[in-house]
K.L.:
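I'd like to ask some things about the structure below.
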Amino acid sequence: MTETTQSILSIENLDKSFGAVKILKDINVSIEPGEFLVLVGPSGCGKSTLLNCIAGLEESTAGDINIGGRSMIGVAPKDRDIAMVFQSYALYPTMTVGKNITFGMKVRGTPEAEQQAKLNEVATLLQIDHLLDRKPSQLSGGQRQRVAMGRALVRDPQLFLFDEPLSNLDAKLRVEMRTEIKRLHQTLGASIVYVTHDQIEAMTLATKIVVMKDGVIQQVGTPNEIYNHPANMFVADFMGSPSMNLIPAQATSSGNSTQISIARAAGDELVLNFDREISGLNGSGSKEVILGLRPENITDPLSIVAQSGQLADCQIDVVEPAGSDTFVVTSLGGKQVTARLRADAEVMAGQSASLAFDLTKASVFEPDSGARIA
Amino acid sequence: MTDISVNSVSSEKNAARIRLAQRIALRFGLYAMLLVFALYYLMPLFVMLTTSLKSLDEIRTGSLLSLPRDIDFTSWATAWSGACTGIQCDGLQPFFWNSVLLSVPAVFLSTLLGAVNGYVLAQWRFKGSNILFALMLFGCFIPFQVVILPMAIVLGKLQLAGTIGGLVLVHVVYGIGFTTLFFRNFYVTVPQELVKAAKVDGAGFFRIFYSIFLPISPPIIVVTVIWQFTQIWNDFLFGVSFSQAGTQPITVALNNIVNSTTGVKEYNVDMAAAIIAALPTLIVYVVAGKYFIRGLTAGSVKG
Ligand SMILES: Nc1ncnc2c1ncn2[C@@H]1O[C@H](COP(=O)(O)OP(=O)(O)OP(=O)(O)O)[C@@H](O)[C@H]1O
Ligand SMILES: [Mg+2]
C-alpha cells in the first residue's frame, strides 16, 4: 500500500523472457485513472505478452507491475481487479451468451439477483439483450465482440485490458465498433489498456500511445506528440497513413540559417530553408540527415496550408485520386515521395508540377541511429 | 458456319453423355466391390448365427451354409445358464456379470483419467510435459505380454491378485495411454485464450475442466468409451492371467466352454456362447458407431 503514485497502472523495469529469448525489455509505463492507453507495434513485437503480464497470465522475468498502487508480484489474475477482452473473444462455446457474461460472477459467488441485475444493465448498454439465450456459434462477429465486451464490463474492474478486439471484424464494422468503444470509454470513464497493430485505431482511441518494436518501447506520448514529433524513424514510419516520407538529404548550416538540400534524378538539387536548429550541426558545417515530411506537408501551391510553403517544380510519376484528396508520387533523394494535393488539383503523370513544401512540421533524423535530431 | 457450330454442340453433348456413362459404370463397380467385401465379412457371423439355431443332428448332417430347418433356441439357453466351464455348469451368466463389473468401472476410470491428463497436457503445459506425453504414447505400443509379469508382482503386493478390482486396475493402467492420447489431441484444438479468459474470470483448474472442457467433450468421450469398452470386454490375456475361478471374465469362460467339453462337441452351444460374448460390443457399435466416426473427425470448438 505504498502511496507513491495515483496511477491505476504503473509498470517498472519489466523484463520478460521465454526461455533464452528476451521478448520484453525494460518496459516502463504508467497510466492515470480514466486514461486510454494504446499499445501499438508490428506483429510479434510483444504487445500481447505485455498485456498477459499485466493480467498475470504470464509471469514477468524481472521488474514490477502495480495496479491501483498495489504490487502484483504473486497475485493471481482473478485477484488483480482487471477484466480482459481477447483477440479471439474466447467465449465459452457451450454456454449461452447470458451464462458467458455471468460466469465470472457465478465463480466468485455473487448473489443470483445481483448477477441478473448486472447482466441486464450491461446487455442493455451493449444492445445484446435479445441475444442472451443464444450460443456463441449462433452469433455474428460483431455480436461476439459485444458479448466479449459485456463479459468484461460486468466485472466493473479498475482496469480493462483489450487485446486487438477489433482485428477479426470487417472494415466497416471495425469503424463502427471503434466509435462504440470510444463512446463507452467516455461514458464509463474507465481506465483501459488497448492493444492493436492498427495505427488508425491507435490515433483515434488513445489518450496516450505506446509504440513498441521488438519488445522495446520506442515512444510514449499523446497521439499528437506521436504524430507530429516522432522520436525516431520507426515511429515516424509506423504511424500515419500514407506514412511519412523519409528523404535522404544534406543539411548545411551557416550562421543563423540552415538549408536542407535533396538530390534529384534530373535537374538541380532541391534546396529548402529550415528554420529550426539541428542538433549535432552546431550552427556550422554540413551533415547527412533524413528529412521526414508527411504527405500533407507537401501540397499544391493553391491550397490554404501552402502559405508557409516553399515552391519547387517536381516531376510527377504517379497520380492517385482518392476522392477527398489526390495523392501524387514524385522522386526525391532517390526515394518515392508522396504528396497530398487538393482533389481538384490539375496534375498529370509524366508532367512537371509545382509543389509547396512546408517544413514547419518536418522532422529530421540521424541516418544511422534513426533518432530525431530536429 | 451454322453447320459447324451445330455439329460441335452435338459432339459436345455426346462427350458429356459418355462421361456420365463412365461415371455411372465406375460407381456401379465400386458398390459391387463393397458389397462383396461386406458379404465376405458377414459370412462368419451368418454361419455362427445359423449354427447356433440348429440342432446337433442337423449340424452333423446338413451343410455349413444352409439355413436351420427348425429354429431351436435351446443351445442359447444352455450357453447362458447350463454349459460347463470345467467342473462348474452354470453357463456364461456369472462370467458375463464379472465382465460387466470389470468393464464398467475400468472404462469409466480410464476415460476420466484420460480426460484430466489430456486437459493438463494440452492446456496446462509444464516443463517436461511433452516428454511425459511421449512416454505415455510409448505406453500405447507396449505389447500385453511384456506387462504381465511385472503386473502380477504389483497385484500381489497390493493384495489384489485374482480379484476383479485387480483386473480393473490393470485395464485402467494399460488404457490410460490411449485415453490420454485421444483427449489431448482433442483439447489441443481448443484455443489457449479460453483458459486465460476463465482464469481472469476467477475459475481454477478443476472449475475450468468441468465448466468449460467437459461440456465440449461428448464427441471424444464417445470415441474413448467405445474404444476402451471394446478393448476391455474383448480382452483375454489379462483376464486369463490375473483372475481366479470366481472372477473370470466372459472371454475366459467362453474359452473354457469351447475347450473343456468332454464327449460330443456341441457346436451350436459354442456358437451361441460366442455370440453372447460378442453381443455387448456389437450393440455398442451399432448404437454409437456413427458418433464414433463423427468424434474421430470432430474439431472441438469453432467460434
Ligand atoms: N509461450 C511462448 N513461448 C515462446 N515464445 C513466445 C510465447 N508467446 C509468445 N512468444 C513470442 O513472443 C513474441 C511476441 O509475441 P506476442 O504474442 O506478444 O506478439 P504481439 O505483439 O501480440 O503480436 P500480434 O500483433 O501478432 O498479436 C513473438 O515473437 C512470439 O513468438
Ligand atoms: Mg497479439
Side-chain angles (χ1 to χ4, degrees), chain A residues 18-19 48-49 51-58 76-96 99-110 134-141 143-145 147-148 151-152 154-155 157 159-161 163-165 168, chain B residues 111-112 115-116 118-120 122-132 183-224 291 294-295 297-303:
Chain A
F18 285 115
S48 297
T49 307
L51 211 62
N52 283 336
C53 285
I54 298 172
L57 295 167
E58 297 280 2
K78 67 185 167 78
D79 300 320
R80 294 195 171 201
D81 202 7
I82 52 154
M84 190 155 173
V85 177
F86 292 88
Q87 188 163 359
S88 66
Y89 309 143
L91 300 179
Y92 310 128
T94 54
M95 298 184 200
T96 61
K99 292 255 164 59
N100 258 284
I101 293 176
T102 53
F103 181 68
M105 291 189 282
K106 202 169 136 204
V107 171
R108 281 190 295 277
T110 311
R134 291 213 202 156
K135 293 274 174 66
S137 56
Q138 300 164 314
L139 300 178
S140 72
Q143 290 168 334
R144 283 180 208 178
Q145 208 280 330
V147 176
R151 201 167 59 180
V154 282
R155 181 92 200 252
L159 182 65
F160 285 98
L161 306 174
D163 192 355
E164 309 204 25
N168 287 331
Chain B
T111 304
L112 187 70
V116 176
Y119 168 60
V120 171
Q123 297 283 336
W124 297 74
R125 305 270 174 86
F126 51 90
K127 244 198 165 97
S129 60
N130 277 336
I131 296 172
L132 190 70
F183 278 96
R184 195 216 77 127
N185 286 356
F186 187 74
Y187 288 151
V188 276
T189 64
V190 179
Q192 303 251 321
E193 287 195 340
L194 220 53
V195 169
K196 289 184 179 175
K199 278 193 200 166
V200 171
D201 264 342
F205 179 86
F206 283 108
R207 181 71 189 239
I208 298 176
F209 180 61
Y210 77 71
S211 289
I212 295 163
F213 281 80
L214 272 191
I216 58 174
S217 306
I220 201 65
I221 290 176
V222 171
V223 169
T224 313
Y291 300 102
R294 213 179 288 165
T297 54
S300 51
V301 198
K302 265 283 141 264

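Convention: sequence-line order gives letters A, B, ...; per-chain numbering from 1. Because only heavy atoms are used, hydrogens play no part in the values below, and waters and symmetry mates are left out as well, while side chains stay in. Quick caveat: nothing in here was measured; it's all calculated off a predicted structure.
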K.L.:
Which heavy atom of D201(B) sits nearest a heavy atom of R151(A), and at what distance?
P.N.:
OD2-CD, 3.8 Å
K.L.:
Less than 4.5 Å to any heavy atom of chain B: does that hold for the side chain of A76(A), its backbone, both, or neither?
P.N.:
neither
K.L.:
Just to verify, what does Y92(A) make a ring-ring contact (aromatic ring centres under 6.0 Å, His included) with, not counting sequence neighbours?
P.N.:
F103(A)
K.L.:
State, to 0.1 Å, how close M84(A) and V200(B) come at their nearest heavy-atom pair, and which atoms those are.
P.N.:
N-CG1, 4.2 Å
K.L.:
Taking side chain to side chain donor-acceptor pair (under 3.5 Å) as the test, write out the residues that go with T94(A), two or more places apart.
P.N.:
none
K.L.:
Ignoring hydrogens and geometry, is there a side-chain-to-backbone donor-acceptor pair from E193(B) to F86(A) under 3.5 Å?
P.N.:
no
K.L.:
Partners of E164(A) by salt bridge (charged side-chain N to carboxylate O under 4.0 Å, His left out), sequence neighbours excluded?
P.N.:
none
K.L.:
Mind ranking K199(B), K196(B), Q192(B) by heavy-atom pairs under 4.5 Å with chain A and telling me who comes out on top?
P.N.:
K196(B)
K.L.:
Could you list which of residues 204-213 of chain B have a heavy atom closer than 4.5 Å to any heavy atom of chain A, in residue-number order?
P.N.:
R207(B), S211(B), I212(B)
K.L.:
Do P93(A) and V190(B) make a side-chain contact, defined as non-hydrogen atoms from C-beta onward lying under 4.5 Å apart?
P.N.:
no
K.L.:
Quick check on R80(A) against chain B: is it the side chain, the backbone, both or neither that has a heavy atom closer than 4.5 Å?
P.N.:
neither
K.L.:
Is it the backbone or the side chain of N52(A) that comes under 4.5 Å from a heavy atom of chain B, or both, or neither?
P.N.:
side chain
K.L.:
Under a 4.5 Å heavy-atom cut-off, does chain B meet the side chain of M105(A), its backbone, both or neither?
P.N.:
neither
